[in-house]
Amino acid sequence: MQKIIAANWKMCKLRQEAGKTAEELCGALAAEPLSGRRVVIFPSFTNIPDVLAASAGISSVSVGAQNFYPAEEGAFTGEISLAMLRDIGVTQVLAGHSERRHLFGETDEFVARKTAFALERGFSVMLCIGETLAEREAGELVNVLSRQTALPLANLPADSISRLTVAYEPVWAIGTGKVAGPAEVFEAHAAVRSLVSRILGDDGGRAVPILYGGSVKPDNAAALLELDNVDGLLVGGASLNIQTFLQIIRA
Ligand code: PGA
């Protein structure tokens, strides 16, 4: 399976800087075609057109949106629809990122609704899951991962499974500099693989890429990518700088 290296730029970078970062990144990747790596960039909404323009024609790079609202259109002030994203050339989205869950109150039910809504409309979805430190310390890891996968993955149309990616991101490792250790990542990814396979069947479960996210840096990327069931990385802070992100891509 190709490794997916995804950049979540969150609410960072103004247009010019985002376009320039994407141009330099894509320039480097075009000069050095990657075998076995696929890069996805999730910029903020206003930066998407510039990042799309910079990555046009580079087949190893694609662009997604960090958020959307699960309705066709209507009175949802401040929200973005999938049709609006498709209109500017975007057909992949994040759902369930821990910042959406914890800062903006997105529930498991809402994340499930968003995941199904986007998959049913032909989008690719990167579904983020992960436990808080309190949940881990209470021995709730598998229960949390089970709860966070069961609802979104229930009753998915078979033809949408190839567009689903799961990102395991322990909340305590996001933006904190604390990366989960190899044993913790190995255990969590094995649990996610078995939970996903239980819902989607063995073939379906095997086909879903599972990414790790949370304080990924150039010096831990290679070891993470070597672990069983780690099919890629979702990178926040370290993806903002071209050199560190390139090192992670090449890890
Ligand atoms: P981080 O963020 O790499 O800065 O920890 C990861 C994420 O939020 O996806």
Side-chain angles (χ1 to χ4, degrees), residues 3-13 17-18 21-22 25 37-45 47-48 51 61-68 90 92-106 108 111 114-115 118 124-133 135-136 144-145 148-149 152 164-182 184-185 188-189 192 208-225 227 229-251:
K3 302 279 190 194
I4 301 166
I5 313 292
N8 176 6
W9 285 354
K10 307 191 182 184
M11 200 172 76
C12 298
K13 295 189 188 290
E17 189 195 345
T21 308
L25 181 70
R37 291 279 189 278
R38 204 151 63 70
V39 174
V40 190
I41 306 172
F42 293 96
S44 55
F45 293 126
N47 294 337
I48 287 176
V51 177
V61 180
S62 61
V63 182
Q66 296 170 19
N67 194 28
F68 65 97
V90 166
Q92 54 186 326
V93 286
L94 285 179
H97 189 278
S98 80
E99 285 147 19
R100 300 293 325 163
R101 293 176 190 265
H102 298 287
L103 299 175
F104 303 105
E106 294 196 5
D108 291 336
V111 172
K114 288 175 80 170
T115 304
S124 298
V125 176
M126 192 173 286
L127 168 67
C128 306
I129 60 174
E131 82 289 4
T132 62
L133 189 57
E135 287 166 337
R136 171 170 280 267
V144 171
L145 299 179
Q148 292 178 338
T149 47
L164 175 71
T165 300
V166 174
Y168 167 67
E169 300 200 293
V171 178
W172 48 273
I174 296 180
T176 59
K178 279 189 216 151
V179 66
E184 288 159 323
V185 177
H189 278 241
V192 175
V208 174
I210 304 173
L211 275 49
Y212 169 80
S215 296
V216 173
K217 301 278 180 295
D219 61 2
N220 58 30
L224 288 163
L225 286 169
L227 295 170
N229 294 310
V230 175
D231 303 310
L233 302 167
L234 177 53
V235 189
S239 72
L240 294 169
N241 176 284
I242 302 157
Q243 291 314 321
T244 53
F245 191 52
L246 275 173
Q247 283 172 25
I248 292 170
I249 293 168
R250 294 174 182 137

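Whatever order the structure lists ligands and atoms in, that order sets their numbers, starting from 1.
- The Lys10 neighbourhood of ligand 1 comprises atoms 2 (O), 7 (C), 8 (O), with distances under 4.0 Å to a heavy atom of that residue.
- Test Leu211, Val93, Val166 against Met126 for side chain to side chain contact (heavy atoms under 4.5 Å, CB included) and you get one pass: Leu211.
- Listed for the Glu106 side chain is no donor-acceptor partner under 3.5 Å among the backbone atoms of Val111.
- Of all the heavy atoms of Cys128, none lies under 4.0 Å from any atom of ligand 1, so neither backbone nor side chain is involved.
- At least one donor-acceptor pair under 3.5 Å links the side chain of Lys13 to the backbone N or O of Leu240.
- If you look at Ile174 next to ligand 1, the close heavy atoms, those under 4.0 Å, come from the backbone and the side chain alike.
- Judged purely by atom type and a 3.5 angstrom limit, Gln148 uses its side chain to pair as donor or acceptor with the backbone of Gly130.
- Nearest heavy atoms, Thr21 versus Trp9: CG2-CZ2, 3.8 Å.
- Scanning both residues, Thr244 and Ala238, for their nearest heavy atoms gives OG1-O, 2.8 Å.
- Residue contact check: His97 has heavy atoms under 4.0 Å from atoms 7 (C), 8 (O), 9 (O) of ligand 1.
- Every atom of ligand 1 with a heavy atom of Leu234 under 4.0 Å away is listed here by number and element: 9 (O).
- The shortest N or O to N or O distance between Gly214 and ligand 1 is not below 3.5 Å.
- Using a 4.0 Å heavy-atom cutoff, Gly213 is absent from the residues neighbouring ligand 1.
- Taking the six-membered ring where the residue is Trp, Tyr212 and Tyr168 present tilted rings, their angle falling between 30° and 60°.
- In the vicinity of Ala173, heavy-atom distances shorter than 4.0 Å reach the ligand 1 atoms 5 (O).
- Nearest to atom 4 (O) of ligand 1 among the protein's heavy atoms is Gly237 N, 2.8 Å.
- Listed by atom number, the atoms of ligand 1 under 4.0 Å from Gly175 heavy atoms are 1 (P), 4 (O), 5 (O).
- Ligand 1 does not have Ala238 within reach: every non-hydrogen atom of the residue lies 4.0 Å or more from it.
- Any N or O atom pair closer than 3.5 Å counts here, and Gly236 shares at least one such pair with ligand 1.
- With hydrogens and angles disregarded, no donor-acceptor distance shorter than 3.5 Å links the side chain of Arg37 to the backbone of Lys3.
- For atom 9 (O) of ligand 1, the closest heavy atom belonging to the protein is Glu169 OE2, 2.6 Å.
- The backbone N or O of Ser44 sits nowhere less than 3.5 Å from a side-chain atom of Asn47 that would complete a donor-acceptor pair.
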